[in-house]
J.: 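My questions will all concern the structure given below.
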Amino acid sequence: MASYEDVMSLSVRRGFLWPAVDLYGGFAGFYDYGHNGVLLRRRWEDRWIETFLGLSDNYYLIDTTTILPEAALKASGHVDHFTDILVTCTRCGESYRGDQLLEAATHEEQEGLTTEEIDARIQELKIRCPNCKGVLGPSREFHMMFPLEVGPTGKDRAYLRPETAQGVFLNFKREFEALRRRLPMGLAIVGRAYRNEISPRQGAYRMREFIQAELQIFFDPATFGDAVPFQDIASVPVRVAWASEKHAPTAHDAPAKDLVGHGLPPWYVYHLVQVQRFYLDLLRIPRDAFRFAELDEKERAFYNKIHFDIQVRQESLGGFKEVGGVHYRTDHDLRGHEAGSHAKQSVTFGTSKLVPHVLELSFGVDRNVWALLDLSYAKGERVVLRLPVQVAPVPVAVFPLVNKDGLPERAEALYAGLRKRIAAFYDDSGSIGRRYARMDEIGTPFSVTVDHETLEGKGVTLRERDSQKQIRVKEGDLATTLNQLLSGEATFPA
RNA sequence: GCGCCGGUAGUCUAACGGUAAGACUCAGGCCUUCCAAGCCUGCGACGCGGGUUCGACUCCCGCCCGGCGCACCA
């Protein structure tokens, strides 16, 4: 159980994460990572890449620009759908979205109107503030995307990318050729994206600059179902909350085949299971703190035919919070770019010619890092960060029991040898208990202590963080033992 | 963006219209045969700007930042 203050205070104190530019009072919606935060985040990213690119031989990482010209984002729909016209009441100060006000009055879809057009329509329809009947306006544009002026004249309008996915879609044809025209093909990006959130809140949960890890899987909807080994996972229980029960504080288990019975495609459910495995088995998220939450038609984006949020329950954020999503985007994106660029996006695969469909596995990296900090936070007599072994920023610490009798020299020699293979950390300040406590706070799973028996050739002690138990390990076996523990091949006591 | 509350060392707290206090952390030292022991020494703070005042961390105004509620979150 960790409050928001608990997690934030530890993050700041121990070099994980803190508000950016706080020297100048801070910068809302922006956070900087410290040395342990970067290590934790990169290990999370490494595990993500291993897990999801590991789903197929034909899934790869690419890297694309963070700035995109207006034309590309026009075609993707972001220029129209990511820009709101806001109208503020002159009396009570409430703000409304102009298109929604007009739609409520006319019952017709209102899209792509300018501020002038919206003001004119409000006057014409005599729309007043729904809250206080005050006079509305004038309206103004609000961009969820950060606009940029590129080039000396600034006439080349561009934006910081609002999602990494577009970089993949823009490179689909190139990679389809380079990867020798095979489907399914997966392209992933781990990188930064930008949204001008109106009200950034709750630490790393809603930021204006954030890191996404997204895998876009391009497939032929006619054959994708046959390409995944659904039978292997048909009876695996999946944690789900349907749209109708999403506000309940829990979820329930349903066998994968029941989800298919509920109308979800087998290939979609197959990927839910893979995502669930990542969270439950690798990241060790408690089962009852994990779920897929279905979004109903109103909540999901217009291009998502099927959309489940990946949610993790976090005490610091007040319950289940979205850390990712599994989105069936159909052929919407490639068709959009085909229309916008006039470059054919259809491909010939086997005997059929098609515009591939897309399944997107999308993750907010910062949100995942925060969730790990939240769930790992254990407060007893002191704070222990029970991070899963495979993402811990510092996997191993080495100490001399006391600073005399040649123990520091012996411990330093051991450390020097160990760090050639393992990211180890050496400390000889304070007492042994204090050093253990320090490592516990940053989630170091294993500590090695050189004591007097070590000098007699009787090995070192190896301590586990969560149990505080110790075993003796021969110095010659130490690196191997640690590697097995850190890779998950062995469990303590090894 | 609106409303409410708040902002003091790295963290957590205190006090005061007149020299900003403490705990923990951290650094150095002594001591120490396994879980933040003890002792000594040291570093370190009033979010920013303006106003009132002889004097402002304290009162007033604006801004920034944060939490919560509303709105927003294709």
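Below, chain A is the first sequence line, B the second, and so on; all start at residue 1.
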J.: For a quick check, tell me whether the side chain of A/E299 and the base of B/A74 share a donor-acceptor pair closer than 3.5 Å.
T.: no

J.: I'd like to know if the side chain of A/S11 pairs up with that of A/W370 as donor and acceptor (distance under 3.5 Å, no hydrogens or angles considered).
T.: no

J.: With a cut-off of under 6.0 Å to the ring centre and 45° to the axis, is A/R291 in cation-pi contact with A/F320?
T.: yes

J.: Rounding to an integer number of angstrom, what distance separates B/A21 and B/U8 when you compare their C1' atoms?
T.: 11 Å

J.: Which part of the nucleic acid does A/R465 contact within heavy-atom distance under 4.0 Å: base, sugar-phosphate only, or nothing?
T.: nothing

J.: May I have the distance from A/R435 (atom CZ) to B/A37 (atom P), rounded to whole angstrom?
T.: 11 Å

J.: When we call it a touch if two heavy atoms are under 4.0 Å apart, what does A/D405 touch: a base, just sugar-phosphate, or nothing?
T.: nothing

J.: Determine the interatomic distance between P on B/A27 and the same-named atom on B/A56; round to the nearest Å.
T.: 38 Å

J.: Where the side chain of A/R463 is defined as all heavy atoms beyond and including C-beta, which of B/C35, B/U11, B/U32 is the nearest nucleotide?
T.: B/C35

J.: Using a 4.0 Å heavy-atom cut-off across all strands, classify A/Y4 as base, sugar-phosphate, or nothing.
T.: sugar-phosphate

J.: Report yes or no: is there a donor-acceptor pair, N or O only, under 3.5 Å between the side chain of A/T461 and the base of B/C34?
T.: yes

J.: Checking all strands, does A/R206 fall into the base, sugar-phosphate, or nothing category for heavy-atom contacts under 4.0 angstrom?
T.: base

J.: Does NZ or CZ of A/K321 come closer than 6.0 Å to the centre of the six-membered ring of A/Y205, within 45° of the ring's axis?
T.: yes

J.: Let's test your reading of the model: under 3.5 Å, does the base of B/C73 pair with the side chain of A/E197 as donor and acceptor?
T.: no

J.: Examine the base of B/G69 for any acceptor or donor lying under 3.5 Å from a partner atom in the side chain of A/R201, and report the outcome as yes or no.
T.: yes

J.: Measuring only the P atom in each nucleotide, how far is B/C16 from B/G50? A whole number of Å is fine.
T.: 27 Å

J.: Send over the distance from A/K404 NZ to B/C34 C1', rounded to a whole Å.
T.: 14 Å

J.: Give the rounded distance in Å between these two atoms: CE of A/M145 and P of B/C73.
T.: 15 Å

J.: Taking only the P atom of each, what is the distance from B/U13 to B/G29 in whole angstrom?
T.: 32 Å

J.: How close or far is atom C1' of B/G10 from atom CG of A/L23, stated in whole angstroms?
T.: 14 Å

J.: Would you kindly check whether a donor in the side chain of A/E381 faces an acceptor in the base of B/A36, or vice versa, at under 3.5 angstrom?
T.: no

J.: Side chain of A/R382, base of B/C35: donor and acceptor closer than 3.5 Å?
T.: yes

J.: Hey, is the side chain of A/Y436 pairing donor to acceptor with the base of B/A36 inside 3.5 Å?
T.: no

J.: Would you say a side-chain N or O of A/R434 is under 4.0 Å from OP1 or OP2 of B/U25?
T.: yes

J.: Mind checking if A/Q202 touches a base, just sugar-phosphate, or nothing, with heavy atoms under 4.0 Å?
T.: sugar-phosphate

J.: More than 12 foreign heavy atoms under 6.0 Å from CD of A/E453: is that the case here?
T.: yes

